[in-house]
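The next block holds one structure in the form of structure tokens; read it before the comments.
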2 protein chains.
Amino acid sequence: MPYRSIPRMVIKRLPLYLRILDNLIKRDVEIVSSRSLSEITGFSAEQIRKDFAYFGAFGTRGSGYNTEYLRERILTIIGLNRQTSVIIVGMGHLGTAISRYNIAKNPYINIVGLFDRDPQVIGQKIFDLEVKDAKQLKDFITEAKIKVAIVTVPAECAQEVVDELAEGGVTAILNMAPVRLQVPKGVHIHYADLTIEIHSLIYYSSETERDIEELEAL
Amino acid sequence: MPYRSIPRMVIKRLPLYLRILDNLIKRDVEIVSSRSLSEITGFSAEQIRKDFAYFGAFGTRGSGYNTEYLRERILTIIGLNRQTSVIIVGMGHLGTAISRYNIAKNPYINIVGLFDRDPQVIGQKIFDLEVKDAKQLKDFITEAKIKVAIVTVPAECAQEVVDELAEGGVTAILNMAPVRLQVPKGVHIHYADLTIEIHSLIYYSSETERDIEELEAL
DNA sequence: CTGTGTGAAGGAGTTCACAGCG
DNA sequence: CGCTGTGAACTCCTTCACACAG
């Protein structure tokens, strides 16, 4: 099965399909059509079919897709078929929230390490995990062969932390600090920058007004 | 000044330019080239110039762009030239983190309301804001003419909250709950779904292995 | 000679239209 | 018929190449 390079945009959508399938399977739904997935996701039905076609045709014409099989397929593509170990660096408000949040409960993800450099925070327990000293970070990720990390430290420390992660063998980083960072080739960094999200959202909050201006200009 | 419809992708990049300009101006940098912005952002210099061209040419050939003027221009486009009032609904870990986080400190954003329906949480103070009862939500947004809201309630309640927001006149919503929601036409919803971010990141964490497989297949 | 501004080319992603199977 | 699978058309975004201004 040659995974012929799946477009970036498709990869972005897969985790959403995955979650929906999880819900459907929980409700014992065995077959789902691209049409109903379209209603749930807001993506067009054709697009959904195209997305699925990237990893091999397997729908049943006339009825739809087998939910279990589809989920298996998506899990394999993403690489979630075995639980992935993830660490969080930075146990401020945001890091703490994430470690207690849905992510920590997601069946495909296993949060195995929490780090901070504040002595006040080190040693605190979150669920069954104790916050470790950031000094142990590099050893930990090397030994445990951690590949995925979430960075929730202040902007000033983020580059430093990311450098260490990269040296320790981490290949995928979710950076929540409001800075753009340098990473060596082969390391992937994604930005989840809430301030930026809000700012671009604010543009749309007054779009209606802008639309009216535009209409009037015609 | 006719804002001839600025492409979606450009809007996404503007807030990042804005932040960088803020930093440059703080360091008394008066001129910046597309080249150096390219190094900071990772976007190509041509793209940056094109982005700026969408809201009128104003760089000085040979030297670069005036940081102050550029910032003013971007603020106007996004609609941040006057502070925007934002509310947060759902004061769980995530909502609390956000209300204490950078967003709360951003000079262009003013968090003016926090809501929850848990009596234990109502009345708590975060900075100088008291958490209000979610029952007051609709009245509050109507009176204060709130246009932008962040939703950090559990997935099960999110649709309900969003319906209320839309009825109360909110036109832009950042949903952090792990569900896709229905909104009436004219209301914009953005999703900041950390679980999905992590999942798609995990795909890339083993991309190197995948690349090798692909190379071997040739 | 540096750095902006921009048409033209190229690439990526989405929608259309319809063929084909159950 | 209903729903999948997919080339072709289209739209949107990015990169290239180069003219031009300070």
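The chains referred to below are lettered A, B, ... by the order of the sequence lines, with proteins before strands, and numbering in each begins at 1.
Atom CG in D51(A) sits roughly 11 Å away from atom P in dT15(C) (whole-Å rounding). Atom CD of Q47(B) is separated from atom C1' of dA12(C) by 13 Å (rounded to the nearest Å). To the nearest angstrom, P of dG22(C) lies 14 Å from CD1 of I31(A). A straight line from CD1 of I48(A) to P of dC16(C) spans 14 Å, rounded to a whole angstrom. As rounded to whole Å, 13 Å separates atom C1' of dC12(D) from atom NZ of K12(B). M9(B) places its CE atom 12 Å from the P atom of dC12(D), with the value rounded to the nearest Å. With rounding to whole Å, R13(B) atom CZ is found 12 Å from dC12(D) atom C1'. In this entry the distance linking CZ of F55(A) with P of dT4(D) reads 13 Å, nearest Å.
We find that R49(B) and E46(B) are not joined by a salt bridge, their nearest charged nitrogen and carboxylate oxygen being 4.0 Å or further apart.
In this structure, the side chain of S205(B) does not engage the main chain of T171(A) through any donor-acceptor pair within 3.5 Å.
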Response to the item:
Under a 4.0 Å heavy-atom criterion, the protein footprint on nucleotides 2-10 of chain C, written with B, S and -, is BBBBBBB--
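Counting only heavy atoms from C-beta outward, the side chains of L70(B) and N66(B) never approach each other to under 4.5 Å.
For the 3.5 Å distance criterion, the side chains of D163(A) and Q159(A) qualify, holding a donor opposite an acceptor.
Under the side chain to side chain contact (heavy atoms under 4.5 Å, CB included) rule, I103(B) has a single partner from I98(B), I88(B), V86(B), which is I98(B). A side chain to side chain contact (heavy atoms under 4.5 Å, CB included) with L18(A) is found for one member of D22(A), I20(A), L14(A) and no other, namely D22(A).
Between R8(B) and dC13(D) there is a side-chain N or O to OP1 or OP2 distance below 4.0 Å.
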